[in-house]
Amino acid sequence: MSSWGFLIERAATKEINLPPLLSRLPASDRDSEMREESDPYGADHTSELRIAGRVVLNVWRLMRSEVAFYSYTFENMMFHVLHERVPKFDHAALTRWWRHRTSLYRWRVVDYYLARAHGNLALLDQLDLVGRTAELARLFGIQFFEVISRGSQFRVESIMLRLAKRKNYVAVSPSVQQRAQMKAPEYIPLVMEPESRMYTDPVVVLDFQSLYPSIMMAYNYCFSTCLGRVANMGDTKPYPFGCTELKVSPQRIAKLEDQVTFSPGGMAFLRPHLRRGILPQMLKEILDTRVMVKKSMKLHKEDKTLQRVLHSRQLGLKLIANVTYGYTSANFSGRMPCMEVADSVVSKGRETLERTIKMIDSNKKWGARVVYGDTDSVFVLFAGKTKAQAFDIGEEIVAAVNDANPKPVKLKFEKVYLPCILQTKKRYVGSMYETREQTEPVYEAKGIETVRRDGCPAVAKMLEKCLRILFETKDVSKVKQFTQRQFRKVLAGNASVQDLTFAREFRGVSGYKPGAMVPALELTRRLTRADRRAVPRTGERVPYVIVYGEPGRPLIQSVKSPAEVLADPGMRPNAQYYITKVIVPPLNRCFSLVGADVMAWFLELPKVSRPRLTGVGPRPSTSKGSGVILQYFASHHCAACDALSTQPLCDACRSRPQSTVLNLGSKIRAWERACSDLGKICRACAGFDASYQYQQDACKSMDCPVVYRRRRAELDAEQVESVQAILDNLML
DNA sequence: TCTCCCTCCTAA
DNA sequence: TAAGTTAGGAGGGAGA
């Protein structure tokens, strides 16, 4: 939007087709182009820009698949990846400087853009993106850009087909119709419904290492070894198999009698001595290589560069092993799916897990009980046992289970939770010990709001803090104390707007069903009316805040961008909404399990806490909507004590002028000091000297907490004038 | 108030 | 033109 995209659009208005000129084939305008926003492919995937003979990297899109953040703006990435604060100036300021007579100002613009160009390269460098992509390309035997632009099916095929070719196998290429006619899967992985409560006894987590790949290896499951359904055995005619058909004569089947195994789903597979499957062989090679790579990592501990290369290599190998199963079950987009193989893997995995659970539960000696399990893991409760005992018996269980399963299926001791909360399927949190020697536990959460990015940061922070307090002190009253303090902060309007900002991925203007109520879409529609280039890129995370609105109106009308909220003093985050709808429910989902009611804690708070008054005295409203909002929600407050009042000062404060004068004076000083201090920090960060005084040129970064606080402080300072007037009257 | 549908994000 | 899978919880809106 602000680099090549802008230049190309700009050139187009001058009737210059820029992309070919950037390419290695300037004469051909066919292979270099910018994809349209409406283009279903490309826009949401790699780069919207295609330049012949060059690899175009879209840095933020790469970052998006690389790390999980609330926002992927340049400034936010620079801070979280490189721990560097960089300013963001708006086009107006940059234009003003560029047109300025003195070169000092013009240089500022050049510096600004140079810093961005360098920053992009520094980000790529820091994450070693080019190095790792090249390593994956080597590993899978595909091209550099294909690592980015193509999916995992391509990678699996690249490796699998090389093996298959040696054995003279040819892969089938089913048509779309054939794929659609394939049988539906019949098995699903086992996900237990946990007993939803807090566990104060040790809970041991055991999981199977690479369960699906090891099952394929252990039982020789592969396209090339599958004979299809037992029910079809003996058919003289071809019977359905995968996307196509299979024909094995009854005579051959009879001969094979002892040479086949059956999956729980009723599929027959050849034993490995008769024919070794391609997939098992491929997986074995991959996992053996991974073990080798890990060994050599241990050998070359000092060589940092080599470590990095080896690490990404072993990660790539793990990745490819895990998606091999996905390749066989890709019934929507698959290029060669085979439900018979995929279903067998799932059914065998399920059977393995069920067998494990039965084994643990039925062994009285262990005194253990499985309380939860998901696909390849079991959570084992040791009621009344110590942590040390849990480690001992856990190891014993692992050994016993491994004895009962063929190689390379392997159960592994993962960790002990003490204590933990199991909320629902796929949602739990606990204090984790990974080794016997560990004395300080590590907080770990899965699936709950502390690890999700669809709430606002305030929820994640509060929930995590509350859980830590609970785990550390086992004292719910301490949690209550903390929670109520935070509620008061939100009610008083003292919470950071940044912490109350949601961010959701934008799917494109045409990416939603008609009538879908989506904040990101609603916001985009409104903002693009002012600037049609303001449409977010597909996949970009769009931030928004919920402000006070008219009662009874749908929530969607209270969706505002953080910039709008900061620019308009009439808008305040909707404290009621945030507390009762956003913060309390996730907290309650945890704390109702220990008998607490967070909503009751909130209702206990005195009702006087109200949204802070934004305008003192008569004050022109800066936007059309704010008048309405003020009318409904911001009743007038006393400038000195914040109590409700129709006058600028309440009767109580007017009756004791001396203390009120002091109070107002110190308020003004505090606002001005905050404004000036925060301004200093921002100017230093943006590379201005101390004398620089133009406020309108200030940094506009929406990802910087200092900028947020500064802009709030500026709004407070705007009140100085009216408060000063009240003060003057009082003195008179 | 309940149900259904859509959207979003995470676990495995 | 490309696209690994399913399970699962949760919130919001519309309509019964």
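Each chain gets a letter, A, B and so on, in the order its sequence line appears, and its residues count up from 1.
As a whole-Å value, the separation of A/Ile421 CD1 from C/dG9 C1' is 17 Å. Rounded to a whole Å, the CD atom of A/Glu522 is 13 Å from the C1' atom of C/dG12. Put simply, CD1 on A/Ile320 is 15 Å from P on C/dT5, counting in whole angstrom units. Atom CG of A/Asn322 and atom C1' of B/dA12 are 10 Å apart (whole Å). Atom P of nucleotide C/dT1 and atom CD of A/Glu146 are separated by 15 Å, given to the nearest angstrom. The nearest whole Å value for the distance from the CE atom in A/Met216 to the P atom in C/dT5 is 15 Å. Atom pair A/Leu319:CG and B/dA12:P shows a separation of 17 Å (rounding to whole Å applied). Protein atom CG of A/Leu279 is 14 Å distant from nucleotide atom C1' of C/dG4, rounded to whole Å.
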Please tabulate, for side-chain N and O atoms in residues 515-527 of chain A, each donor-acceptor pair with protein atoms closer than 3.5 Å (sequence neighbours left out).
| from | atom 1 | to | atom 2 | distance (Å) |
| --- | --- | --- | --- | --- |
| A/Thr524 | OG1 | A/Ala520 | O | 2.6 |
| A/Arg526 | NH1 | A/Glu564 | OE1 | 3.4 |
| A/Arg526 | NH1 | A/Glu564 | OE2 | 2.6 |
| A/Arg526 | NH2 | A/Val559 | O | 2.8 |

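Proximity note for A/Ile188 (side chain, C-beta onward) versus C/dG4, C/dT6, B/dA12: the nearest is C/dT6. When distances are taken from the side chain of A/Leu555 to each of C/dA10, C/dG4, C/dG12, the shortest belongs to C/dG12. For A/Ile556, counting side-chain heavy atoms from C-beta on, the closest listed nucleotide (C/dG4, C/dG13, C/dA7) is C/dG13. Closest approach to the A/Pro585 side chain among C/dG11, C/dG8, C/dG12 is made by C/dG11 (side chain taken as heavy atoms from C-beta onward). Closest contact between the side chain of A/Ser152 and the listed nucleotides C/dT5, C/dG4, C/dG9 involves C/dG4. In the set C/dT5, C/dA7, C/dG12, the nucleotide with an atom closest to the side chain of A/Val191 is C/dA7.
Figure legend: cation-pi geometry between A/Lys348 and A/Tyr219, with NZ or CZ positioned under 6.0 Å from the six-membered ring centre and within 45° of its axis.
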For this session: Encode nucleotides 5-11 of chain B as B, S and - characters from 5' to 3', where the letter depends on protein heavy atoms closer than 4.0 Å: B to the base, S only to sugar-phosphate, - to neither.
Result: -SSBBSB
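With hydrogens and angles disregarded, a donor-acceptor distance shorter than 3.5 Å links the side chain of A/Arg541 to the backbone of A/Arg453.
Of the residues listed (A/Leu319, A/Ile320, A/Leu139), the one engaging A/Ile286 in a side chain to side chain contact (heavy atoms under 4.5 Å, CB included) is A/Ile320, and it is the only one.
Aromatic rings from A/Tyr578 and A/Phe487 are positioned such that their centres are separated by 6.0 Å or more.
Along DNA chain C, the nucleotide nearest A/Arg335 and the nucleotide nearest A/Glu193 are compared for position; the residue whose nucleotide lies closer to the 5' end is A/Arg335. For A/Tyr187 and A/Gly326, each mapped to the nucleotide of DNA chain C holding its nearest heavy atom, the one lying further toward the 5' end belongs to A/Gly326.
In this structure, A/Arg350 does not reach the B/dA12 phosphate: none of its side-chain N or O atoms is under 4.0 Å from OP1 or OP2. OP1 or OP2 of C/dA10 lies within a sub-4.0 Å distance of a side-chain N or O belonging to A/Arg589. Distances shorter than 4.0 Å separate some side-chain N or O of A/Tyr577 from OP1 or OP2 on C/dG12.
Among the heavy atoms of the strands, none lies under 4.0 Å from A/Arg155.
Below 30°, between 30° and 60°, or above 60°: for A/Tyr428 and A/Phe379 the angle between ring planes is above 60°, a perpendicular geometry. Relative ring orientation between A/Tyr212 and A/Tyr325 is described as perpendicular, the plane-to-plane angle rising above 60° on a 0-90° scale split at 30° and 60°.
Ion pair A/Glu135/A/Arg132 not flagged as a salt bridge, since none of the NZ, NE, NH1 or NH2 atoms sits closer than 4.0 Å to an Asp/Glu carboxylate oxygen.
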